[in-house]
Amino acid sequence: MRDAVNARMHVALNRPAVEYSRGIFGHFIEHFHRQIHGGLFDPGSPLSDERGFRTDVIEALQEMRPEVVRWPGGCFVSAYHWLDGIGPDRVPSYDKAWRVEDPNTFGTDEFVEWCRAVGTTPYICTNGGTGTAEEMSDWVEYCNLPESGRWARRRTANGHPEPHAVPYWSIGNENYGHWEMGAKGAEEWARLVTEAAKMMRRVDPTISLLAAARADLDWTLPLLRSAGQYLDYVSIHGYWDDLQDEDEPSDYLTCVSRSLQPEAAIRRVEDVIGAAGLDGRVAIAFDEWNLRGWHHPWGSSPEAIGARDRNDENSTYTMADAVFSAGFLNSCLRHADTVRMANLAPMVNARGPLYVHPDGLVRRTTFHVMSMYATMLPPEIADCSIVADTLAHGGTDVPVVDGIAACDAERSRVVLVLVNRHPEQPMSCAVELGDGPLTGSHPGTVLAGDDPDAYNSVAAPRRVEPKKETITFEDGVTWLPPHSITFCEVSSHTAPAVATGEWSVGARGGWRRNA
Ligand code: AHR
């Protein structure tokens with residue numbers, strides 16, 4: 001093997017692999033600007049079905065195989081009352097979080113029906129701001145109880161005799177933040193979550209429960225000490241290019257220089273879970289994440305509301321977004337034993353992977369990243385190490401190549417994911433698979449675009465697309481194109497037998513390390 005390479009990866013196929021959760025290929029949709037109304041829900045559009053669901057949107061989203069979708073917020077849910085969005089007599093509400101009117105025409109029944117149409121799992125986030133424990137548990141009753149009680153009867157009366165069977169529920173959203181309606185102190189939050197979780201589990205003991213948390217001991221330790229016994233996950237959020245007040249998206253290098261920040265946050269939360277003595281019992285849900293924070297300067301003037309249109313500007317979403325997002329997913333996969341859900345925020349319009357306009361769609365760069373990860377990876381993450389040259393920018397060094405390897409239980413199929421963060425230069429990467437250098441030519445898929453700032457738009461919707469390519473290793477080394485994500489499929493590899501069955505899904509739908 002050559003000595004001077006930019007990166008070296010070793011995949012230890014003889015060591016145990018971890019079955020990752022497909023929940024990390026999740027998404028988030030909020031009642032914000034054109035995500036739902038005028039996005040996925042558009043009654044009257046010639047592209048919508050009789051329920052008002054845009055069928056072209058449903059078909060496109062299916063290409064990403066979204067595992068789970070979180071709804072209805074976000075900040076929106078901090079003052080949302082679910083009863084306003086069910087039944088025949090709905091009136092619009094003023095949405096205090098976003099300072100606009102919500103028509104309430106897309107509520108719980110529509111969300112669950114839409115999830116069924118897409119083929120994804122519904123995840124409901126409850127109002128932990130102005131809501132009560134009782135309101136949250138009533139919502140579980142409405143969705144999940146077969147027949148007893150007033151709320152299950154109400155669901156039946158609304159045309160849904162079968163339970164909606166919503167498996168994932170979270171208590172609150174960012175309730176630590178002053179921006180949230182009904183924000184709380186840490187002790188107050190711990191009490192509310194404990195009582196809400198208890199009541200929600202009384203209604204349906206099978207649900208998986210999450211609660212709003214952060215990578216911070218002062219907030220999350222009291223929460224876990226009080227409510228940890230009822231929780232399957234802590235929910236954390238991350239946006240790494242803050243554009244709330246000024247929509248001036250950072251350039252390619254600034255974005256990729258932040259690539260290590262998600263993993264640092266994961267480690268901090270793992271430490272807090274460990275400090276609470278809940279290692280292996282409470283997992284992490286990164287249930288809002290995106291490189292680009294949403295633009296919403298505060299104020300209810302028409303200008304402030306109109307400024308939200310800037311989120312829809314397709315030129316914002318370049319190969320920087322793709323390369324950063326691949327690094328994010330690699331970080332989750334490296335922590336596959338603790339990160340069991342992640343939701344790209346949002347799914348449609350604003351900063352989302354799919355841009356929807358009245359006549360069609362644009363698959364942005366992140367759409368292709370999510371599709372590649374969700375459809376091409378075998379189910380386990382192999383033990384893998386990688387060392388690489390660094391890319392320096394703005395006082396920060398990041399490895400110029402990042403990589404993970406996924407495999408099936410038999411190790412007969414291995415998929416390498418190799419990310420070259422360099423904006424201009426190809427990088428050489430040596431790969432050892434098991435005991436020897438990887439050789440030969442293998443089928444691959446590469447997402448690169450023609451420029452680090454390349455993006456898709458209405459005028460050029462296919463400028464950035466994954467391409468099928470043959471990935472060749474000479475003397476154990478392959479070359480990765482600049483600003484690229486390469487999936488390399490290595491099949492029929494004969495590997496030594498390994499110990500399996502070390503990890504399993506817990507009885508409550510969470511996860512447990514086997515004794
Ligand atoms: O900017 C969008 C918001 O970001 C979401 O509603 C909230 O959860 C997060 O702060």
Side-chain angles (χ1 to χ4, degrees), residues 26-37 39 68-80 93 95-100 102 106 111 123-131 168-184 189 193 210-216 219-220 233-250 261-262 265 269 284-300 304-313 316-317 321 328 341-353 366:
H27 294 258
F28 168 57
I29 196 86
E30 176 164 5
H31 290 248
F32 174 91
H33 222 48
R34 296 191 315 106
Q35 294 179 31
I36 293 176
H37 300 282
V68 54
V69 178
R70 175 178 182 255
W71 168 88
C75 297
F76 171 80
V77 81
S78 63
Y80 175 67
S93 316
D95 161 10
K96 294 190 184 64
W98 295 122
R99 303 179 177 186
V100 291
D102 190 280
F106 188 94
F111 170 63
Y123 161 19
I124 290 181
C125 178
T126 62
N127 175 354
T130 64
Y168 296 105
W169 293 81
S170 77
I171 300 169
N173 173 77
E174 298 184 357
N175 305 79
Y176 43 79
H178 64 84
W179 55 88
E180 210 67 6
M181 303 298 105
K184 307 273 188 290
W189 182 239
V193 172
L210 302 83
R214 65 195 313 192
D216 164 24
W219 176 267
T220 302
Y233 303 76
V234 284
S235 140
I236 59 168
H237 294 172
Y239 297 90
W240 290 273
D241 191 23
D242 179 9
L243 302 170
Q244 183 182 303
D245 297 318
E246 303 292 332
D247 189 51
E248 286 169 11
S250 297
Q261 294 180 16
V269 181
I284 297 170
F286 234 122
D287 65 6
E288 281 184 37
W289 73 270
N290 200 322
L291 167 63
R292 315 282 185 184
W294 307 5
H295 181 57
H296 45 81
W298 293 112
S300 50
I305 306 295
R308 295 174 189 172
D309 286 345
R310 295 184 59 89
N311 292 290
D312 288 332
E313 177 50 57
T316 305
Y317 311 101
D321 299 71
F328 175 90
M341 190 193 288
N343 306 67
L344 180 56
M347 188 181 207
V348 168
N349 284 335
R351 303 299 194 199
T366 49

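Each ligand, and each atom within it, is numbered from 1 in the order the structure gives. What you see is a predicted model; the values in this text were computed from it and never measured. Just so you know, residue 1 is the first one in the sequence shown, and it goes up from there.
For the atom pair Tyr80 OH and Thr130 OG1, the distance stands at 12.0 Å (nearest 0.5 Å).
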Run through all N or O atoms in ligand 1 and write down each protein N or O closer than 3.5 Å, as a pair with its distance.
| from | atom 1 | to | atom 2 | distance (Å) |
| --- | --- | --- | --- | --- |
| ligand 1 | 1 (O) | His296 | NE2 | 2.8 |
| ligand 1 | 6 (O) | Glu30 | OE1 | 2.7 |
| ligand 1 | 6 (O) | Glu30 | OE2 | 3.2 |
| ligand 1 | 6 (O) | Cys75 | N | 2.8 |
| ligand 1 | 8 (O) | Asn173 | OD1 | 3.2 |
| ligand 1 | 8 (O) | Asn173 | ND2 | 3.1 |
| ligand 1 | 8 (O) | Glu174 | OE2 | 3.4 |
| ligand 1 | 8 (O) | Glu288 | OE1 | 3.0 |
| ligand 1 | 8 (O) | Glu288 | OE2 | 2.7 |
| ligand 1 | 10 (O) | Glu174 | OE1 | 2.5 |
| ligand 1 | 10 (O) | Glu174 | OE2 | 3.1 |

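Considering only residues two or more places apart in sequence or on other chains, Tyr317 meets the ring-ring contact (aromatic ring centres under 6.0 Å, His included) condition with none of them. Considering only residues two or more places apart in sequence or on other chains, Arg34 meets the salt bridge (charged side-chain N to carboxylate O under 4.0 Å, His left out) condition with Asp312.
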Test log, rule side-chain contact (heavy atoms from CB on, under 4.5 Å), inputs Tyr239 and Glu288: CA-CA 8 Å; Tyr239 297 90; Glu288 281 184 37; 2.6 Å; yes

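Checking each of Arg310, His295, His296 against Asp247 for a side chain to side chain donor-acceptor pair (under 3.5 Å) leaves exactly one that passes, namely Arg310.
Listed by first and then second residue, the salt bridge (charged side-chain N to carboxylate O under 4.0 Å, His left out) pairs involving residues 168-183 amount to none (not counting sequence neighbours).
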